[in-house]
Protein chains: 2
Amino acid sequence: MTKQFSSVWTREMRQPKTSGLRRDQIVTAAVEILDAEGLSALSMRKLGAKLDSGATSLYWYVANKGELLELALDEFWGMLDGADPGEASWREVVTTFAYSFRETLLAHPWAATLIGQLPSMGPNSLRLTDRLRRAFVQAGFTGTDIYLSSGTVMCFVLGQVMPELAWSNAYGDAEPDRDALIEDVLELAHEYPEMVEEYRATPPMSVATARALAFDYGLLCVLDGLAARLRHPRESSGVPDESAKMQP
Amino acid sequence: MTKQFSSVWTREMRQPKTSGLRRDQIVTAAVEILDAEGLSALSMRKLGAKLDSGATSLYWYVANKGELLELALDEFWGMLDGADPGEASWREVVTTFAYSFRETLLAHPWAATLIGQLPSMGPNSLRLTDRLRRAFVQAGFTGTDIYLSSGTVMCFVLGQVMPELAWSNAYGDAEPDRDALIEDVLELAHEYPEMVEEYRATPPMSVATARALAFDYGLLCVLDGLAARLRHPRESSGVPDESAKMQP
DNA sequence: ACCTGAACACCGTTCAAGT
DNA sequence: ACCTGAACACCGTTCAAGT
């Protein structure tokens, strides 16, 4: 049973020129709720109330909640700055983009979840893709490598941030009794003494700086890897045939 | 308002030795529903029905739905094979682990979502962490780099898979009229003619192989980056101070 | 120790009816 | 063209009551 694909972006919009609510008001209000209370707190009823209208009125502008979230997600993509080449080196451009993407994701955690659930094909998403594409062309990538290299950076940031969000979800934003939590985890890990010992051997630091350090390390790996691709455009990994075997 | 942290793993379990349902039966059934129908289809009521019991009976074994999902997520971590050093090179070990992680995520998409929402501190998660740790020690990483390098690989895979899942969510598993979809996207991207043209210039391939290719490319970057770290243990990225500035 | 049913406060969505 | 209210089929969770 192949579900027919559909998206807010692939169907005719309603006439934009009339009275009453407007779609962008709805989306703005939705993003406000998402930012303030998180993905699970956004309901059509609450959103309707915030707009002084019935929940069901929203269905005039949006086919269902999924479409609303697609629109919110595209708002998120619109929040990302730059990747403007300027006169900086490509490593600098990519680095500042990666950091700003990370910061924006951390500020709007609902977006990270949505990225795994809804396709991003709205105008802001496309505009960002094109900006990135230009940056990587300028860096010297050509052909398919343009798309592959920029995609690698995007995915890297996303993957780094996701587990980070899990902790802030379960833990709250502040770090109240994080020492107690750490002791809990170390206790749970008592079967793996090397792990525990290695943790105790590392200088103590806040969760935030530990995460930032990990991000920095990973970014360095990605950048070095991209630099290598830039030098030798066509190589393949250790077990190249696996990739073809995986999904025929 | 800092929410008090709690997790299934940090509180006393109920006596395991009695009659009736057992927690592992519940979790197994939950995973079956998740695999068959996805995260949004799992409800306490449906799970109760599947186990021939009332929905509310489950609350004897589990404090809330979140705990149930924590348990399911740990089941997922238990599904991952290996990272067994053996006699293979570290690049081979990491590569096969990355591919198997990817495959398992694609087979259990709900897990990817949960990774961004719940902390992973169950026994299977810890065991995997330790296996990875040993593999990276064997590869030659030391100190903090052990954790940083293995984390980079984990995050890389996760980040690659997430957007992939978005499409299969919206699109279904088969690829029915993907040509129509592609035309839709290209139409939406008409403001960026270079993007469109570049797409048309690349040889056509299935979505699956395109994704596998991107995965391969990114993995190559990460591996090369890790190899560079292995040669020069301590370096820092282009804008190191940013990382400290981000979250004080 | 374990399970039940009723009840509470919610959901997303449809649809006939209003203006 | 836009909005409403009632209604349907769901949710997660609590809690007194059963065995």
Should B:Met44 and B:Leu68 be marked as a side chain to side chain contact (heavy atoms under 4.5 Å, CB included) after you check the CA-CA gap, both sets of side-chain angles, and the distance that decides it?
CA-CA 9 Å; B:Met44 300 303 267; B:Leu68 178 69; 4.0 Å; yes
Run the numbers on A:Tyr199 and A:Tyr192 for ring-ring contact (aromatic ring centres under 6.0 Å, His included), then give the verdict.
CA-CA 11 Å; A:Tyr199 174 79; A:Tyr192 310 102; over 10 Å; no
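Residue-level contact check: A:Leu47 touches neither bases nor backbone, having no heavy atom under 4.0 Å from any strand. Within 4.0 Å of A:Leu68, counting heavy atoms only, lies no atom of the nucleic acid at all.
Going from atom CD1 of A:Ile33 over to atom C1' of C:dC11 covers 14 Å, rounded to whole Å. Spacing between atom CG of A:Leu58 and atom P of C:dT14 amounts to 13 Å, rounded to whole angstrom units. Taking atom CG of residue A:Leu39 and atom P of nucleotide C:dG12, one finds them 11 Å apart after rounding to whole Å. A:Glu37 places its CD atom 14 Å from the C1' atom of C:dC10, with the value rounded to the nearest Å. One can place CG of A:Asn64 at 15 Å from C1' of C:dC11, the figure rounded to the nearest angstrom. In this entry the distance linking CZ of B:Arg45 with C1' of C:dC3 reads 16 Å, nearest Å. Rounding to whole angstrom units, CD of residue B:Glu67 and P of D:dG12 are separated by 15 Å. The separation between B:Lys65 atom NZ and C:dC11 atom C1' is 12 Å, rounded to whole Å.
Using a cut-off of 4.0 Å between Lys/Arg side-chain N and Asp/Glu carboxylate O, B:Lys46 and B:Glu37 are scored as salt-bridged. Salt-bridge formation is detected for the pair A:Glu32/A:Lys50: a Lys NZ or Arg NE/NH1/NH2 atom is positioned less than 4.0 Å from an Asp or Glu carboxylate oxygen.
Nearest nucleotide to the side chain of A:Trp60, out of D:dA1, C:dT4, D:dG12: D:dA1. Comparing C:dA7, D:dT14, C:dC11 against the side chain of B:Thr56 picks out D:dT14 as the nearest. Considering only side-chain atoms of B:Ser43, the nucleotide from C:dT4, D:dG12, C:dT13 that sits closest is D:dG12. For B:Ser57, the side-chain atoms get nearest to C:dC3 when compared with the rest of C:dT13, C:dC3, D:dG12. Which of D:dT13, D:dC3, D:dA7 sits closest to the side chain of A:Tyr61 comes down to D:dC3.
For D:dC3 and C:dC15, the C1' atoms lie 13 Å apart once the distance is rounded to whole Å.
Both A:Lys46 and A:Ala63 sit near DNA chain C, but only A:Lys46 has its closest nucleotide nearer the 5' end.
With ring centers used as reference points, A:Phe156 lies under 6.0 Å from A:Phe215.
Taking 4.0 angstrom as the limit, A:Ser53 places none of its side-chain polar atoms (N or O) nearer than this to OP1 or OP2 of D:dC3.
D:dT14 is paired with C:dA6 under the Watson-Crick or G-U wobble criterion, all donor-acceptor distances under 3.5 Å.
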